[in-house]
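Order of the sequence lines sets the chain letters (A, B, ...), proteins ahead of strands, with each chain counted from 1. Excluded from the calculations below are hydrogen atoms, water molecules and symmetry mates; all remaining heavy atoms, backbone and side chain alike, are included.
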2 protein chains.
Amino acid sequence: MQNRLTIKDIARLSGVGKSTVSRVLNNESGVSQRTRERVEAVMDQNSFSPSRSARAMRGQSDKVVAIIVTRLDSLSENLAVQTMLPVFYEQGYDPIMMESKFSGKMVEEHLGMLQRRNIDGVVLFGFTGIDEATLGPWQSSLVLLARDAAGFASVCYDDEGAIITLMQNLYDSGHRHISYLGVPHSDVTTGQRRHDAYLAFCKQHALPVVASLPGLSMKQGYEQVASVLTPQTTALVCATDTLALGASKYLQEQRIDSLQLASVGNTPLMKFLHPEIITVDPGYADSGRQAATQLIEQINGRSEPRQIIIPATLS
Amino acid sequence: MQNRLTIKDIARLSGVGKSTVSRVLNNESGVSQRTRERVEAVMDQNSFSPSRSARAMRGQSDKVVAIIVTRLDSLSENLAVQTMLPVFYEQGYDPIMMESKFSGKMVEEHLGMLQRRNIDGVVLFGFTGIDEATLGPWQSSLVLLARDAAGFASVCYDDEGAIITLMQNLYDSGHRHISYLGVPHSDVTTGQRRHDAYLAFCKQHALPVVASLPGLSMKQGYEQVASVLTPQTTALVCATDTLALGASKYLQEQRIDSLQLASVGNTPLMKFLHPEIITVDPGYADSGRQAATQLIEQINGRSEPRQIIIPATLS
DNA sequence: CTGTTAGCGCGTTCAA
DNA sequence: TTGAACGCGCTAACAG
């Protein structure tokens, strides 16, 4: 790169001292209006921008954050990431991306890198198997997504509300035999909470319970859907849209089209392939925005870690 | 963060001068074996790692690269990104992600940010509408993916080879009426080159040409597939798996199952939903690895910009 | 082979 | 309200 100019140059060009330029740069008080304007003029006249590394070295922040997704090709996480990127850019933060692949060990490694790198903050997409102890040092500069943990900021989906919304909707349409395809309880949010909500609804309305919790892959939905179908079944609720995709494939192959499907998750792919499926949007887009905003506020010391719950909406 | 130690501390602790520590750090010659070992011992005894910002300021590189994808939720680009991340990590580079959304203007903005940020290099997923002029300053530190441009390093897919492979495969299975669903020529690679390959094959083997070039969305595949079906048609080649997904949905709805589908693209989603479709893998995974490797070599001055073509393989 | 010295671009005193 | 001087952690040029 060509030798860019420094605050020294700006100072010389506008006939002031370095520190005055520094003050203008950081919007500090104690500079006369006239001087400030003059310096600012020179600055954008030469489209000056201060060296990030130099500021970083002076203890200021580097303005870099990390986003650790479980998988780059997760449809839902993509939606969240898409909304947080603009927030970060706008505030001058560079987001670096990492993939955990649901491995606690990878998360540890990545966090290690980030710590050495002296990064400002992290958005971590949670999953079962994260050791909360390893997150310790990040308590004040980490936002957990889709999972919560004591003492950490988090943005969660309303698992219970999402399932209840679906169930109520089906119930109101006259369905009385609603099966459930979900995720094992080892996954607290997507697994246990959603399943519990299903069970609670069934109990409250005296509906028969027919459920299976195979996992969260399409393949598992495909293979296990048969096990929750009884002759009376008229509707099926899936804990995730991925499971629903797997289930539909099976139903399509078996030419079963009398079943009303419903699922949590509102990805474009799903909407296109199966518009007939009733879905609730857990608020992926919102969650990204909120997580980014919360993280920035924490970094700036304008907010304590807090837990945010995104409301689910029928879509 | 807590106050970490500096080379000065390491120097003191191991009883040498700062510059000796610096030399050891950078694997420079001119340090006796004994001294080197002693310093290294002290270093990892205190798990020392040098301040990146300080090195960056000293003209060294910051070790940050950017990956500009068209869309975060592109299935194919995801595959490529997944393989390049590990390469970057391994070499100590932090990859920051950006999304262009197929907008030349966004690319410009992003590159502007990156230039101010004094970044080391960029992997740019190409698309129609990128103004090559704006890429000028990056000539030596940019790798273009899925597109080529004179003077720039690029990693491209073998568009022609991919289509020919599919066509030949279908031809060998006895198909003589093969339709084509593709992308307009405004897109040079996915659009023109693949279509041209189809036309060439048809001409060479005296096959009838039935083609339409609606675009690259699923919806367009869904809506346009009917227009390329004749009573004689026994096979359909799609330029991308996204188009193929759209087409299959239509065919499924119409209960047409006598048609052999084939497409370029080998994403897991496709493999699961439609294993019956013949696909060629354009080498997404390879392309990511190669792009990352090439970029790093360029940054280190160990390679000139060069054009790499990834071979397509039947999968 | 090794230590000393001098900056890099910026923020932060401290006088003026 | 301003500027001069100093130091951050590191590399580079120069002595020894």
_For the student: nearest non-hydrogen atoms of A/Arg306 and A/Ser303, plus distance_ = NE-OG, 3.9 Å
_Counting only heavy atoms not in A/Arg71 (residues, nucleotides, ligands), do more than 12 fall under 6.0 Å from its CZ?_
no
_Under 4.0 Å, counting only non-hydrogen atoms across every strand here, what does A/Ser53 touch: a base, just sugar-phosphate, or nothing?_
nothing
*asked:* Working note: A/Asp62 + A/Arg117, criterion side chain to side chain contact (heavy atoms under 4.5 Å, CB included); need CA distance, chi angles, decisive distance, verdict.
replied: CA-CA 9 Å; A/Asp62 204 357; A/Arg117 178 87 175 64; 3.1 Å; yes
*Kindly indicate, with the supporting measurements, whether the criterion side chain to side chain contact (heavy atoms under 4.5 Å, CB included) is fulfilled by A/Leu124 and A/Ile130.*
CA-CA 10 Å; A/Leu124 176 59; A/Ile130 287 187; 3.8 Å; yes
*asked:* For B/Phe152 versus B/Gln139, what's the shortest heavy-atom pair and its separation?
replied: CE2-CA, 3.6 Å
*Contact letters for nucleotides 9-16 of chain C, in which S counts primed atoms plus P, OP1 and OP2 and B counts the base, heavy atoms under 4.0 Å*: BBBBBB--
*Derivation of the side chain to side chain contact (heavy atoms under 4.5 Å, CB included) call for B/Glu40 and B/Val24*: CA-CA 7 Å; B/Glu40 275 170 346; B/Val24 172; 3.7 Å; yes
_Checking A/Tyr157 against A/Thr189: is there a side-chain donor and acceptor pair closer than 3.5 Å?_
no
*Got more than 12 heavy atoms from elsewhere within 6.0 Å of CD1, A/Ile309?*
no
*To the nearest 10°, let me know how far the axis at one end of the helix from C/dC1-D/dG16 to C/dA16-D/dT1 is tilted from the axis at the other, five pairs an end.*
40°
*Please walk me through it: do A/Ile7 and A/Phe48 pass side chain to side chain contact (heavy atoms under 4.5 Å, CB included)?*
CA-CA 9 Å; A/Ile7 53 170; A/Phe48 164 79; 3.8 Å; yes
*Return the minimal non-hydrogen interatomic distance between B/Gln298 and B/Pro305, and the atom names on each side.*
OE1-CA, 3.7 Å
*Along DNA chain D, 5' to 3', what are the outermost nucleotides having an atom less than 4.0 Å from a heavy atom of chain A?*
D/dT1 to D/dG9
_Protein-nucleotide distance (B/Gln33, atom CD; C/dT2, atom P), rounded to Å_ = 11 Å
